[in-house]
**Q** 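First the structure, then my questions, so here it is.
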Amino acid sequence: MKITVIAVGRVKEKFYRDAVAEYEKRLGRYCKLDIIEVEDEKTPDKAGTAMEQLILKKEADRILRYVREDAWVVTLEISGREYDSEQFAMELEKLATKGLSHIQFIIGGSLGLHEEIRKKADRAVSFSKMTFPHQLMRVILLEQIYRGYRIIHREPYHK
């Protein structure tokens, strides 16, 4: 299975980069992982709706360069479907069983995702009703993918 994470913005803090690197290493046993970072747009203070839509569109255009037609596309959104870890693992396993060989997860920037990206998604997933920094969300996503593979392979994991 190939998993691609397309994320708006760079991971700047060393502790986040270290965590991402650790999960990249751990996931190497289970899948081919690619992380693609697209440049984020700076949002001016007191940006109006029109400016926010312009920013979202620019980020969407960057994301769309990497979205593959043959991939199962999952957007991370507060309004998406919530899973527990076992359900998430079952979803990964079900996609593999169906013969899907590529899953792309998309993490938006500080304003979220443009509607054009949402329409491309095969599934929208929410990890919480809370908002997380996109750098931390990348770590959380990789940890849950790793946990999912551990569950699929009936290997111990921390509950």
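The figures that follow rest on heavy atoms only: side chains count, while hydrogens, waters and symmetry mates do not. Sequence positions, counted from 1, serve as the residue numbers for this chain. Fair warning: this is a prediction, and the values are worked out from it, not measured in the lab.
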**Q** With rounding to the nearest 0.5 angstrom, report the CD1 to CD1 distance, Ile35 to Ile107.
**A**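 One gets 8.5 Å once the value is rounded to the nearest 0.5 Å.
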**Q** Flag yes if more than 12 heavy atoms outside Phe15 fall under 6.0 Å of its CZ atom; otherwise flag no.
**A**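 Yes - once you tally the heavy atoms of other residues, nucleotides and ligands closer than 6.0 Å, there are more than 12.
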**Q** Given side chains that start at C-beta, do those of Phe88 and Ile145 come closer than 4.5 Å, heavy atoms only?
**A**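 Yes, side chains in contact.
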**Q** First locate atom NZ of Lys32, then atom NE2 of His102, and finally report the distance between them rounded to the nearest 0.5 Å.
**A**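 Taking NZ in Lys32 and NE2 in His102, the distance rounds to 8.5 Å.
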**Q** Quick check against the 3.5 Å criterion: does Arg17 have a side-chain atom that pairs as donor or acceptor with the backbone of Lys12?
**A**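 Yes; judged by distance alone, with no hydrogens or angles, the pair exists.
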**Q** I would like to know whether Met130 and Phe132 meet side-chain contact (heavy atoms from CB on, under 4.5 Å); could you show each step before the answer?
**A** CA-CA 7 Å; Met130 295 180 188; Phe132 296 104; 4.3 Å; yes
**Q** Quick one: does any side-chain atom of Arg138 pair with a main-chain N or O of Val20 as donor and acceptor, under 3.5 Å?
**A**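 No; zero donor-acceptor contacts below 3.5 Å.
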**Q** How long is the span from the CG atom in Leu56 to the CG atom in Asp61, to the nearest 0.5 Å?
**A**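 One gets 11.0 Å once the value is rounded to the nearest 0.5 Å.
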**Q** How long is the gap from CZ on Arg62 to CD1 on Ile117, to the nearest 0.5 Å?
**A**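 Going from the CZ atom of Arg62 to the CD1 atom of Ile117 covers 12.0 Å.
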**Q** Using modelled atom types and a 3.5 Å cut-off, is there a donor and acceptor pairing between side-chain atoms of Gln87 and backbone atoms of Asp84?
**A**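 Yes; at least one donor-acceptor contact below 3.5 Å.
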**Q** Which value, rounded to the nearest 0.5 Å, describes the distance between Leu142 atom CG and Met137 atom CE?
**A**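 Between atom CG of Leu142 and atom CE of Met137 there are 9.5 Å.
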**Q** Does the salt bridge (charged side-chain N to carboxylate O under 4.0 Å, His left out) test come out yes or no for Lys14 and Asp18, once each step is laid out?
**A** CA-CA 6 Å; Lys14 184 181 181 325; Asp18 290 346; 2.8 Å; yes
**Q** Is Pro156 close to Ile151 at the side-chain level, that is, under 4.5 Å between some pair of heavy atoms?
**A**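 They are not in side-chain contact.
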**Q** Do the side chains of Tyr16 and Leu141 join up, straight or via other hydrophobic residues, at under 4.5 Å, putting them in one cluster?
**A**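 Yes.
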**Q** Does the His114 side chain pair with the main chain of Glu116, one donor and one acceptor, at a distance under 3.5 Å?
**A**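 Between the backbone of Glu116 and the side chain of His114 there is a qualifying donor-acceptor contact (under 3.5 Å).
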**Q** Are Tyr149 and Tyr23 connected in a single hydrophobic cluster, I mean Ile/Leu/Val/Met/Phe/Trp/Tyr linked by side-chain heavy atoms less than 4.5 Å apart?
**A**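 They do share one cluster, since a chain of ILVMFWY contacts under 4.5 Å joins Tyr23 to Tyr149.
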**Q** Indicate whether any N or O donor in one side chain lies under 3.5 Å from an N or O acceptor in the other, for Tyr146 and Glu22.
**A**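 On atom types as modelled, these side chains do not qualify, holding no pair under 3.5 Å.
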**Q** Ignoring hydrogens and angles, tell me if any N or O in the side chain of Asp122 forms a donor-acceptor pair with the backbone of Val73 under 3.5 Å.
**A**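 Confirmed, Asp122 side chain pairs with Val73 backbone.
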**Q** Can you find a heavy atom in the side chain of Ile3 that is under 4.5 Å from one in the side chain of Leu27?
**A**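 Side chain of Ile3 against side chain of Leu27, heavy atoms only: no contact under 4.5 Å found.
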**Q** For residues Val11 and Val139, determine if any side-chain heavy atom of one lies less than 4.5 Å from a side-chain heavy atom of the other.
**A**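 Answer no - side chains too far apart.
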**Q** Can you see which heavy atom on Ile55 is nearest to which on Pro44, and at what distance?
**A**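 Minimum heavy-atom contact is CD1-CD, 4.0 Å.
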**Q** Could you check whether any side-chain N or O of Glu52 sits under 3.5 Å from a backbone N or O of Thr43, counting only pairs where one atom can act as donor and the other as acceptor?
**A**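 Not confirmed, Glu52 side chain does not pair with Thr43 backbone.
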**Q** Does any non-hydrogen side-chain atom of Thr4 lie less than 4.5 Å from one of Phe105?
**A**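 SC-SC contact between Phe105 and Thr4 ruled out.
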**Q** Report yes if some heavy atom in the side chain of Ile103 is under 4.5 Å from a heavy atom in the side chain of Leu92; otherwise report no.
**A**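 In short, these two side chains touch, coming nearer than 4.5 Å.
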**Q** With respect to Arg10, which candidate in Gln135, Glu37, His134 satisfies the side-chain hydrogen bond (donor to acceptor under 3.5 Å, both in side chains) definition?
**A**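 Of Gln135, Glu37, His134, side-chain hydrogen bond (donor to acceptor under 3.5 Å, both in side chains) with Arg10 is met by Glu37 alone.
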**Q** Mind checking whether Tyr30 and His153 have parallel, tilted or perpendicular rings, split at 30° and 60°?
**A**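 Tyr30 vs His153 ring planes: tilted.
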**Q** Going by the side-chain hydrogen bond (donor to acceptor under 3.5 Å, both in side chains) test, name the single residue among Gln144, Glu143, Arg150 that passes it with Ser85.
**A**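 It is Gln144, the one option of Gln144, Glu143, Arg150 that forms the side-chain hydrogen bond (donor to acceptor under 3.5 Å, both in side chains) with Ser85.
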**Q** For Glu24, does its backbone N or O pair with a side-chain atom of Arg26 as donor and acceptor, under 3.5 Å?
**A**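 Absent.
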**Q** Search all heavy atoms of Val125 against all heavy atoms of Arg123 and return the closest pair with its distance.
**A**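 Smallest interatomic distance, heavy atoms only, reads CG2-CG, 3.7 Å.
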**Q** Closest heavy-atom contact between Leu113 and Gly108?
**A**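 That would be CD2-CA, 3.4 Å.
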**Q** Under 4.5 Å between any side-chain heavy atoms of Arg118 and Lys120, yes or no?
**A**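 Side-chain contact under 4.5 Å: no.
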**Q** Is a side-chain donor or acceptor of Ser126 paired with a backbone partner of Ser128 at a separation under 3.5 angstrom?
**A**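 Checking the backbone N and O of Ser128 against the side chain of Ser126, a donor-acceptor pair under 3.5 Å is found.
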**Q** Rounded to the nearest 0.5 Å, what's the gap from CD on Glu91 to CD1 on Ile152? Could you check?
**A**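 Rounded to the nearest 0.5 Å, the CD-CD1 separation comes out at 10.5 Å.
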**Q** Please tell me if the side chains of Ile36 and Val5 come closer than 4.5 Å, counting only heavy atoms from C-beta onward.
**A**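 Ile36 vs Val5: side chains apart.
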**Q** Please tell me whether Phe127 and Ile78 are part of a single hydrophobic cluster in this structure, the criterion being side-chain heavy atoms less than 4.5 Å apart.
**A**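 Result: no, two separate clusters.
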**Q** Is a side-chain N or O of Glu59 found less than 3.5 angstrom from the main chain of Glu41, in a donor-acceptor match?
**A**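 Yes: the side chain of Glu59 pairs with the backbone of Glu41.
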**Q** Evaluate whether atom NZ of Lys57 has more than 12 neighbouring non-hydrogen atoms of other residues, nucleotides or ligands under 6.0 angstrom away.
**A**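 More than 12 within 6.0 Å, yes.
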**Q** Show the numbers, then the answer: is there a salt bridge (charged side-chain N to carboxylate O under 4.0 Å, His left out) between Glu39 and Lys58?
**A** CA-CA 9 Å; Glu39 184 182 352; Lys58 286 181 180 181; over 6 Å; no
